[in-house]
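The block underneath contains the structure these notes are about, expressed in structure tokens.
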Amino acid sequence: MIQITFPDKRVQEYPKGVTGMQIASGISEGLARNVLSIMVNEQVFDLQRPIHQNAEVRLLTWNDDEGRSTYWHSSAHLLAEALEALYPGIQFGIGPPIENGFYYDVDLGDQTISSDDFPKIEEKMKELAKAGSEYKREDVSKNDAVEYFTKKGDKYKLDLLKDLEDGTITFYTQGNFTDLCRGPHIPDTSKIKAIKLLNIAGAYWRGDEKSKQLTRIYGITFQKQKELTEYLERVEEAKKRDHRKLGKELELFTFSEKVGQGLPLWLPKGAQLRERLESFLKKAQLKAGYVPVVTPHIGHKDLYVTSGHYEKYGADSFQPIHTPVEGEEFFLKPMNCPHHCEIYKSRPHSYRDLPLRLAEFGTVYRYEQSGELHGLTRVRGFTQDDAHLFCRPDQVKEEFLKVIDLVLYVFNALDINDYTAQVSLRDPENKAKYIGSDENWEKAERAIIEAADEKGLTTKVETGEAAFYGPKLDFMVRDALGRKWQLGTIQVDYNLPERFELEYTGSDNQKHRPVMIHRAPFGSLERFIALLIEHCGGNFPLWLAPEQAIILGISEKYNDYVENISEFLKNSDIRASIDERDEKIGRKIRDAEVRKVPFMLIVGEKEAENKTVSVRKHGHGDLGSFSLDGFIELIKKETNQFIS
RNA sequence: GCCGAUGUAGCUCAGUUGGUCAGAGCUACUGAUUUGUAAUCAGUAGGUCGGGGGUUCGAAUCCCUCCAUCGGCUCCA
């Protein structure tokens, strides 16, 4: 007998070799029906796999991430089986579950697949699913595995096998399809009921650009058709918050092929929103001891040779601008830090001056690959809310802590609370990718982790994600479709001070090297605003809204009163527009609602006589009659905190 | 950059197998209407069907190429 411990700490005895399915069946019929896999001592098992030792277990269903992963992993195998049936001779790469669904990478050889073929493949999958084939697990020796895939002619599986040790290799077979796979899987294919292939994409084998590009097919499956329909509806709903769509509808920004791809044009409303965010942060930074600087958009090649950017990115960036007479090379600036280093160097510094916090809303230009551009989140010209803190080594942690406070202040003010804090460290396997000494890297990485801990941030450590010049703490936020983007960032840099030979005079009258911290709470205004739009669905907080109120006259007869109010609001620093069109009030309200104007002031005969306004709030409806002062009070209450 | 898809008026979209297929709604403009909480009615204007090349008696429709956009991959200072 073995002892099985459940999540509620209940312990029960079972015969040795009991399976997850037997345990589930023993608990309830419903559980047996819904269970997908079982967690056994931190490892997910198939339900048919015998458990031989005492273990802590957790039965996994659709409500568990691991349960869904098991389900989608099995779905990926089903996709592969269908593909092999329809396209004989294709070779298989990997086919894992992902956050929403799964994919399989295949090498189609001479054959091609496009999304037009999806219905056919889905049909085949459904047919195979109905057959209810078991997913059979089998231990195989490395020799047998190599022999099997050599015979089958699957070079990708052979490539995978190279890295596996004999004795740890398992095959899973369902129907006619056998795959190299560590599992686990659901018991059989019949649980897969609703199937939808989503898209097709190229994906390099092992994520290496130099390897062959395979065809990746993405899909998602559910146990019920209704769940699939709901999922697809949710995705459609999320698309309505897409900043590219709202940006156009709300007239915030646009792009022009003539200006160039990835170069956003800010329209008046977007520009105002942007300016407001800028002044909000400038005010906070002034309080926090930052000093403003301004630097030009280009810099001499020598600047970037010194900074190391030339060596690292020179060939992949926008090509240099040559002066017509001297033939000197200038580059569009990809970062502000080299310029700021030169500002630091413009005069000697005492330890008493530090930290020096140079802040600039600096516009930078980077040549991003064309396929990588994306709305306002990935562009070729953007403005960073940049600052560089030059401090003594003993001040690094304190400065880092203060910056975290500033980032959190900004996020709170804008109601962004679903971020993840990511600590990006260098890849110890690939140190050549980075510049700077081992000692400095270790010091910097330690400082970041400690500061994040002290601020109580829940961090996610990503090895190999560091910038080439230093480790960083990034604040990541998801867009409407669940893609993660880096917004705020704080980066420790021991490298640039070295390269620029920055120094200060210490209390010992000796020269010392300062440490630099790069930081940007928004990251870039473009990306931040994109995420902000998606976050609030275009319903900006009142203090940011390009238009805070609109005055709607019942008829043209009241246009004089409409204009009186407009003047009054202007004098009270409220951004209000007017709608004097010859339209019915219902129409004016509808248009204002669509434009997401926070407040609508409706005025007709009653209001003109009593010197009042009828207030309607966007998305809420009629709030009733207000005096003008009453309305001002209402609006100020919501905005005061941030008005500069 | 790579894989796949898309590109028709300012916007959202129709245009069957190449032959009155250059259309609709909204927007804009003009006129009527003077309106009480999510679309008043009528009229007018607006497009070398992303650009270029080709096949054809004839191309929005088929082919090639370039550009841009979308979904991924790679990259990301």
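Below, chains carry the letters A, B, ... as their sequence lines are ordered, and counting in each starts from 1.
For Tyr558(A) and G36(B), a side-chain-to-base donor-acceptor distance below 3.5 Å is absent, hydrogens and geometry of angles not being considered. In terms of polar N and O atoms assigned as donor or acceptor, the side chain of Glu607(A) comes within less than 3.5 Å of the base of G36(B) in a complementary pairing. Between the base of A38(B) and the side chain of Arg595(A) there is no donor-acceptor pair shorter than 3.5 Å.
Searching all strands for a Watson-Crick or G-U wobble partner of G46(B) with both distances below 3.5 Å returns nothing. Remark: C11(B) base-pairs with G25(B). Criterion, Watson-Crick or G-U wobble with two distances under 3.5 Å. When both pairing distances are held under 3.5 Å, G4(B) makes a Watson-Crick or G-U pair with C70(B). Base pairing of A60(B): no nucleotide in any strand meets the Watson-Crick or G-U wobble criterion (both distances under 3.5 Å). U40(B): Watson-Crick or G-U partner is A32(B), with both key distances under 3.5 Å.
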Starting from the C-alpha separation in whole Å, work towards a yes-or-no answer on side-chain hydrogen bond (donor to acceptor under 3.5 Å, both in side chains) for Thr295(A) and Lys333(A). CA-CA 10 Å; Thr295(A) 66; Lys333(A) 72 174 170 188; 2.7 Å; yes
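Within 4.0 Å of Ala201(A), counting heavy atoms only, lies at least one base atom of the nucleic acid. Across all strands shown, Ile585(A) has heavy atoms under 4.0 Å from sugar-phosphate atoms exclusively, and none from any base. Contact annotation for Gln491(A): no contact, since no heavy-atom pair falls under 4.0 Å across all strands. Here Asn199(A) lies in heavy-atom contact (under 4.0 Å) with sugar-phosphate atoms only. Counting non-hydrogen atoms under 4.0 angstrom, Gly604(A) reaches a base of the nucleic acid. When heavy atoms are screened at a 4.0 angstrom cut-off, Glu583(A) is found touching base atoms of the nucleic acid. Using a 4.0 Å heavy-atom criterion, one finds that Ser307(A) contacts no nucleic acid atom at all. Within 4.0 Å (heavy atoms only), Glu249(A) reaches no atom of the nucleic acid at all. The residue Gly207(A) sits close only to the backbone: its heavy atoms come under 4.0 Å of sugar-phosphate atoms, none of a base. Base contact: Lys606(A) has a heavy atom under 4.0 Å from a base atom.
Comparing atom distances between the Ser614(A) side chain and each of G1(B), G36(B), U40(B) picks out G36(B) as nearest. Candidate nucleotides C73(B), C76(B), G36(B) were compared by shortest atom distance to the side chain of Arg216(A), and C73(B) ranks first. The nucleotide whose nearest atom lies closest to any side-chain atom of Ser555(A) is, among A38(B), U34(B), C2(B), U34(B). Listed nucleotides: U12(B), A39(B), G72(B). Nearest to the side chain of Tyr218(A): G72(B). When distances are taken from the side chain of Gln369(A) to each of G36(B), C75(B), G4(B), the shortest belongs to C75(B). Looking at the side chain of Arg616(A), the nearest of the listed nucleotides U37(B), G4(B), G1(B) is U37(B).
Asp117(A) contributes a side-chain N or O that, together with a main-chain N or O of Ser114(A), makes up a donor-acceptor pair within less than 3.5 Å. Judged by distance alone, with hydrogens and angles left aside, the side-chain atoms of Tyr344(A) form no donor-acceptor pair with the main-chain N or O of His339(A) at under 3.5 Å. Asp622(A) places a side-chain N or O within 3.5 Å of a backbone atom of Gly624(A) that can act as its donor or acceptor partner. Using a distance-only test at 3.5 Å, with no hydrogens or angles considered, a donor-acceptor pair links the side chain of His620(A) to the main chain of His618(A).
In terms of phosphate contacts, Tyr313(A) brings a side-chain nitrogen or oxygen within less than 4.0 Å of OP1 or OP2 of A77(B). Side-chain N/O atoms of Lys248(A) include one lying less than 4.0 angstrom from OP1 or OP2 on U12(B).
Here, G50(B) and U61(B) have their C1' atoms 16 Å apart, quoted to the whole Å. Spacing of C1' atoms, G15(B) relative to G54(B), comes out at 24 Å, to the nearest Å. Between A45(B) and A9(B), the distance separating the two C1' atoms is 11 Å to the nearest Å.
Side-chain contact between Lys301(A) and Tyr310(A) is present, with heavy atoms from C-beta onward closer than 4.5 Å. You'll find the side chain of Ile589(A) reaches within 4.5 Å of the side chain of Met600(A), heavy atoms only.
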Contact list (N/O, under 3.5 angstrom) for nucleotides 66-70 of chain B vs protein:
unit_1 : atom_1 : unit_2    : atom_2 : d
A68(B) : OP1    : Gln261(A) : OE1    : 3.1
A68(B) : O2'    : Glu257(A) : OE2    : 3.4
U69(B) : OP2    : Gln261(A) : NE2    : 2.5
C70(B) : OP1    : Arg244(A) : NH1    : 3.1
C70(B) : O3'    : Arg244(A) : NH1    : 3.4

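Using a 4.0 Å cut-off between charged nitrogen and carboxylate oxygen, Asp474(A) and Lys472(A) count as a salt-bridge pair. Electrostatic pairing of Arg234(A) and Glu237(A) does not count as a salt bridge here, judged by no charged N lying under 4.0 Å from a carboxylate O.
If you measure from atom CG of Leu108(A) to atom P of C2(B), you get 19 Å, rounded to the nearest angstrom. Between Arg366(A) atom CZ and C76(B) atom P there is a gap of 12 Å when expressed in whole angstrom units.
In this structure, His309(A) and Gly621(A) both approach RNA chain B, and ranking their closest nucleotides by distance from the 5' end singles out Gly621(A).
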